[in-house]
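Everything below concerns the one structure shown next.
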There are 2 protein chains.
Amino acid sequence: MRDTRAELLIQAETLVRGRGYAGFSYADLAAAVGIRKASIHHHFPSKVDLGAALVAAYAARYAAALEAIRTEVADGPGRIEAYGQLYLGGVEQGLGCLCAALAIEGEALPERLRRAIAAFFADHLAWLEAVLRAGQADGSVRAGTDPAALARYVIATLEGALLMERLFASPDAFRGTLAVLVDGLRPR
Amino acid sequence: MRDTRAELLIQAETLVRGRGYAGFSYADLAAAVGIRKASIHHHFPSKVDLGAALVAAYAARYAAALEAIRTEVADGPGRIEAYGQLYLGGVEQGLGCLCAALAIEGEALPERLRRAIAAFFADHLAWLEAVLRAGQADGSVRAGTDPAALARYVIATLEGALLMERLFASPDAFRGTLAVLVDGLRPR
DNA sequence: GAAAATCTACCTACCTAATGGTAGACAAGA
DNA sequence: TCTTGTCTACCATTAGGTAGGTAGATTTTC
């Protein structure tokens with residue numbers, strides 16, 4: 001059996017991450033999946049519905065990855081390093097962050113999607129803050145800076161590096177930035 | 001006398017930085033400037049022409065700002081701090097980076113524009129590298145890390161912070177990230 | 001210096017293709 | 001038989017872009 005809905009989500013994610021939310025159309029998606037345009041509306045009545053489902057699936061995948069990192073990696077810098085590796089895949093495949101693609105639309109983004117990506121970032125910030133706080137407690141992360149501020153700084157660096165290094169198709173440069181980032185978190 | 005071309009550039013920049021390149025149309029721009037859609041084509045025959053002019057103007061403004069920083073601020077961290085302040089304005093006005101808005105379009109972006117924004121980032125990277133190298137030489141910037149890698153890391157952090165903090169409409173959080181960034185550049 | 005030609009900046013009217021979305025038919029499974 | 005998934009055939013709107021014209025300024029020519 002063929003799970004068309006799942007296939008639609010996969011292809012749509014690739015399109016949005018590759019060309020932006022406003023930059024892809026139902027016609028593109030139909031062609032990518034091998035289905036007629038109207039059939040997409042059966043699964044996702046409107047483009048906003050599709051966008052919301054995309055963010056939900058993306059967030060769920062990340063949530064699972066974050067959970068895995070927390071159980072498999074013990075120290076703070078190691079966890080941030082592993083977190084950064086999640087972004088690296090995007091650089092290697094030439095795909096940006098789904099939520100960055102949506103965030104760029106700013107005021108034109110439907111409120112529902114804006115809330116969804118804000119929640120995505122808020123979740124990551126909370127996870128990072130907890131990881132950094134624990135790292136400060138066990139001495140693996142340098143103390144003296146508010147973990148919440150550090151969390152924002154970590155996400156910003158990785159999102160920005162993904163944005164720029166995808167343009168330059170330069171995974172090595174991304175790794176370099178990740179190294180500088182992680183190194184700066186270690187105690188001095 | 002009314003300089004329509006300049007007005008078009010101003011309004012178009014606001015639109016692109018506010019909603020993305022694919023997210024604005026000649027009709028939007030015509031309405032913003034108070035001119036007919038067809039008249040825009042007199043100044044900018046195609047949307048790509050407009051986009052290229054936008055990047056050129058944006059890059060020129062930045063180039064002037066970078067030059068000013070170099071003459072007015074002496075130490076490395078101070079210069080990076082001043083550089084970061086340039087991004088802060090975007091957060092305060094709810095406008096992203098023009099080149100980030102274009103970069104998100106990825107593969108769908110016309111080659112000409114891709115080259116233009118790559119040059120934009122390359123210029124900034126060169127400036128930052130020189131600033132950081134000078135800072136390492138005069139002892140105001142921590143040594144031990146390749147200035148080129150440091151430059152990429154600086155841009156990434158600021159671009160990412162602008163992207164995220166604009167979404168959260170949080171200039172204070174941007175300032176916090178900038179502080180963490182600059183502080184990390186100081187000698188230990 | 002006047003007349004003619006040219007250029008600039010805008011206009012109305014239109015074009016074709018693409019946009020997101022809808023209506024209704026039809027076939028396969030449970 | 002009712003639901004699910006897909007189809008064809010539409011729809012109105014918007015996209016970027018073009019054709020051709022006009023009023024006013026500027027330049028060229030006699």
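Throughout, protein chains are lettered first and strands after them, A, B, ... in sequence-line order, and every chain is numbered starting at 1. What's counted below: heavy atoms across the whole structure, side chains too, no hydrogens, waters or symmetry copies.
In this entry the distance linking NZ of B:Lys47 with C1' of C:dA17 reads 15 Å, nearest Å. Remark: C1' of D:dT4 and CG of A:Asp3 are 13 Å apart, rounded to the nearest angstrom. Look at CZ on A:Arg36: it is 16 Å from C1' on C:dA25, rounded to the nearest Å. In this structure, the CG atom of A:Leu29 is 17 Å from the P atom of C:dA18, given to the nearest Å. Separating the CG atom of B:Leu8 from the C1' atom of C:dT8 is a distance of 15 Å, rounded to the nearest angstrom. In this structure, NE2 of B:His43 is placed 12 Å from C1' of C:dC11, rounded to the nearest angstrom. Straight-line distance from the CG atom of B:Leu113 to the P atom of D:dG16: 14 Å, rounded to whole Å. Note: CD1 (A:Ile40) to C1' (D:dT6) measures 12 Å, nearest angstrom.
When every heavy atom of A:Gly76 is checked against every heavy atom of A:Val131, the shortest pair comes out as O-CG1, 4.3 Å. Residues B:Val48 and B:Leu113 approach most closely at O-CD2, 3.9 Å, considering heavy atoms.
Geometrically, B:Arg152 engages A:Phe168 in a cation-pi contact, judged by NZ or CZ lying under 6.0 Å from the ring centre and within 45° of the ring axis.
The shortest distance between the side-chain N/O atoms of B:His42 and the OP1/OP2 oxygens of C:dC10 is not below 4.0 Å. One finds no side-chain N or O of A:Thr4 lying less than 4.0 angstrom from the OP1 or OP2 phosphate oxygen of D:dG5. Applying the 4.0 Å criterion to OP1 and OP2 of C:dA9, one finds that B:His41 has every side-chain N and O outside that range. The shortest distance between the side-chain N/O atoms of B:Ser25 and the OP1/OP2 oxygens of D:dA15 is below 4.0 Å.
Applying the 3.5 Å distance criterion, the base of C:dG20 shares a donor-acceptor pair with the side chain of A:Lys37.
Here B:Phe24 lies in heavy-atom contact (under 4.0 Å) with sugar-phosphate atoms only.
Taking the six-membered ring for Trp and thresholds of 30 and 60 degrees, A:Tyr153 and B:Tyr153 have ring planes more than 60 degrees apart, a perpendicular arrangement.
Using a 4.0 Å cut-off between a side-chain N of Lys or Arg and a carboxylate O of Asp or Glu, B:Glu13 and B:Arg61 qualify as a salt bridge.
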Listed pairs, N/O of protein and of nucleotides 21-27 of chain D, under 3.5 Å:
none

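Listed nucleotides D:dG16, D:dT6, C:dC10 differ in distance to A:Ile35; the shortest reach to its side chain belongs to D:dT6. Nearest nucleotide to the side chain of B:Tyr26, out of C:dT12, D:dG16, C:dG21: D:dG16.
Aromatic ring centres of A:Tyr62 and A:Phe120 lie closer together than 6.0 Å.
Residue order along DNA chain C, read from the 5' end via each residue's closest nucleotide, puts A:Asp28 first among A:Asp28 and A:Ala38.
Counting heavy-atom neighbours within 6.0 Å of B:Arg114 CZ, excluding the residue itself, gives a total above 12.
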